[in-house]
**Q** 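Take a look at the following structure, please.
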Number of protein chains: 2
Amino acid sequence: MQEITGLELSPKKVEYLKFLYKKGGMVRTTDISSQLKVDPSTSTKTIGELAHAGYVEHIPYRGVRLTEEGHAYAEFLVNRHNILSLMLSHYGLSAEGACQEVSRFESFVSRSAIETICGSMGHPTVGVCGEIRHTLCGIP
Amino acid sequence: MQEITGLELSPKKVEYLKFLYKKGGMVRTTDISSQLKVDPSTSTKTIGELAHAGYVEHIPYRGVRLTEEGHAYAEFLVNRHNILSLMLSHYGLSAEGACQEVSRFESFVSRSAIETICGSMGHPTVGVCGEIRHTLCGIP
DNA sequence: ATCTGATTTGGAGTGTATCCAAACAATTTG
DNA sequence: CAAATTGTTTGGATACACTCCAAATCAGAT
């Protein structure tokens, strides 16, 4: 997880991390499965993979929580989402439209592109989809 | 292929169609495989799927060509690429950077979003990545 | 008519994502 | 505290996109 390109996770896994980040603290796997509309067994499996990769800590039958790295990474993921949504809203998409649209492709947009876009926007702190934090993002 | 959402093809298949469109006319499967850097057997298989879906016509051992629908669809794909590249270039990305970046996520951006973005830009005809044709795109 | 190079077919493998049924743990209830 | 209930995990199977390799096949040239 050294060099963050922003492309390390699949779309689904990005959803998991963003959800965990927004929920905060310890989260039950069934909360995840009902939120992401998948079978509980699916969320358990995916969480296992995220745990293996170091993004989350999973205490079986108890819940899941972001690791320190996972939290920092998820913060980037949420920022990326918000920056891209803000960008699309500048081109006539509604807040919800932009948010939905971005959800489909965000996981394929690199961290370096986000940094460039964010810089060009003057590092906004308010998006159409949520606040934008400039702590980790790597954005000065 | 009635209702075009822009999301009907996987990233790889989008690459195939864009390549076919740019090349024009009859194209050999080995041209495709060398361009997309995959084994010839892979391109043959993928072309088979695109043919099955009606985007291309494949004459075995002879070559591949876009169908009428495939051509119209590929035109949309190329326009989408060019519009998105142009958009990113407005946020500080270089022409090549934008092009590369867009190549990774373009296949997940809907036609309706593209129409909105394109309209908001005033239907530009010149991108950073190639011309933008407004014939089919559905863009008035 | 045969040889050569291009192309296709068949088979197998990878990675991600999914669900179902069965096993299991924790918590609640009697 | 034991039993029943609820929530969670495991194991197994499937699907889909994409890949390559080896073997068969075809088209064109010698």
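Because the structure is predicted, anything quoted here is derived from the model rather than measured. First the proteins, then the strands, lettered A, B, ... as listed; each starts at 1.
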**Q** In whole Å, what is the span from the CD1 atom of I32(A) to the C1' atom of dT18(C)?
**A**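 These atoms are roughly 16 Å apart.
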**Q** Taking OP1 and OP2 of dT9(D), is either one under 4.0 Å from a side-chain nitrogen or oxygen of T29(A)?
**A**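 Yes, T29(A) has a side-chain N/O under 4.0 Å of OP1/OP2 on dT9(D).
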**Q** Name the orientation class of the two ring planes belonging to F108(A) and F108(B) (parallel below 30°, tilted from 30 to 60°, perpendicular beyond 60°).
**A**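 Plane angle under 30°, so parallel.
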**Q** Between atom CG in L9(B) and atom C1' in dC16(D), what is the gap in whole Å?
**A**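 Those two atoms, CG and C1', are 15 Å apart.
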**Q** To the nearest Å, give me how far apart CG (L36(B)) and P (dA17(D)) are.
**A**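 Computing the L36(B):CG to dA17(D):P distance gives 17 Å.
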**Q** Whole angstrom is fine here: how far is it from CG in L7(B) over to C1' in dA17(D)?
**A**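 Rounded to the whole Å, the gap is 17 Å.
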**Q** Under 4.0 Å between any heavy atoms, over every strand shown, what does T42(B) touch: base, sugar-phosphate, or nothing? Just pick one.
**A**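 Base, at least one base heavy atom under 4.0 Å.
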**Q** Over how many whole Å does the gap from I47(A) atom CD1 to dT16(C) atom P extend?
**A**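 Those two atoms, CD1 and P, are 15 Å apart.
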**Q** Under 3.5 Å, side chain of R80(A) to main-chain N/O of E106(A), donor-acceptor pair present?
**A**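 At least one qualifying donor-acceptor pair exists.
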**Q** Between dG28(D) atom P and I59(B) atom CD1, what is the distance in whole Å?
**A**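 Interatomic distance, CD1 of I59(B) to P of dG28(D): 12 Å.
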**Q** Below 3.5 Å, does any donor atom in the side chain of S41(A) face an acceptor in the base of dC20(C), or the other way round?
**A**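 Yes, the side chain and the base share a sub-3.5 Å donor-acceptor pair.
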**Q** When you measure only distances, ignoring hydrogens and angles, does the side chain of K45(A) come within 3.5 Å of the base of dG12(D) through a donor and an acceptor?
**A**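 In this structure, the two groups form a donor-acceptor pair.
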**Q** For dT27(C), does either OP1 or OP2 sit under 4.0 Å from a side-chain N or O belonging to R62(A)?
**A**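 True: R62(A) side-chain N/O within range (under 4.0 Å) of dT27(C) OP1/OP2.
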**Q** Parallel, tilted or perpendicular: which describes the rings of H71(A) and Y21(A), with under 30° parallel and over 60° perpendicular?
**A**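 Taking Y21(A) first and then H71(A), their aromatic rings sit tilted (interplane angle of 30° to 60°).
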**Q** Would you kindly give the NE2-to-C1' distance between H52(A) and dT9(D), to the nearest whole Å?
**A**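 It is 18 Å, rounded to the nearest whole Å.
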**Q** Heavy-atom distance under 4.5 Å between the side chains of S110(B) and T5(B), does that happen here?
**A**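 Side chain of S110(B) against side chain of T5(B), heavy atoms only: no contact under 4.5 Å found.
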**Q** Counting just side-chain N and O atoms, does K37(A) come under 4.0 Å of either OP1 or OP2 of dT18(C)?
**A**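 Checking K37(A) against dT18(C): no side-chain N or O falls below 4.0 Å of OP1 or OP2.
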**Q** Is there a donor N/O on one and an acceptor N/O on the other, under 3.5 Å, for the side chain of T46(B) and the base of dC18(D)?
**A**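 There is none.
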**Q** Are OP1 or OP2 of dA17(C) and a side-chain N or O of S10(A) less than 4.0 angstrom apart?
**A**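 The answer is yes; a side-chain N or O of S10(A) sits under 4.0 Å from OP1 or OP2.
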**Q** Quick check: do M87(A) and M87(B) have side-chain heavy atoms less than 4.5 Å from each other?
**A**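 The answer is yes, as the side chains (C-beta and beyond) meet within the 4.5 Å cut-off.
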**Q** 5'-most contact on DNA chain C: P60(A) or E49(A), nearest heavy atom basis?
**A**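 Nearest-nucleotide comparison on DNA chain C picks E49(A).
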**Q** Measure from the side chain of Y61(A), starting at C-beta and using heavy atoms only, and say which of dA27(D), dG7(D), dT19(D) lies closest.
**A**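 Selected nucleotide: dG7(D).
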**Q** Starting at atom CG of D39(B), determine the distance to atom P of dT9(C), rounded to an integer number of angstrom.
**A**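 Rounded to the whole Å, the gap is 14 Å.
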**Q** Starting from the 5' end of DNA chain C, give me the residue, Y16(A) or H58(B), whose nearest nucleotide shows up first.
**A**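 The residue whose closest nucleotide sits nearer the 5' end is H58(B).
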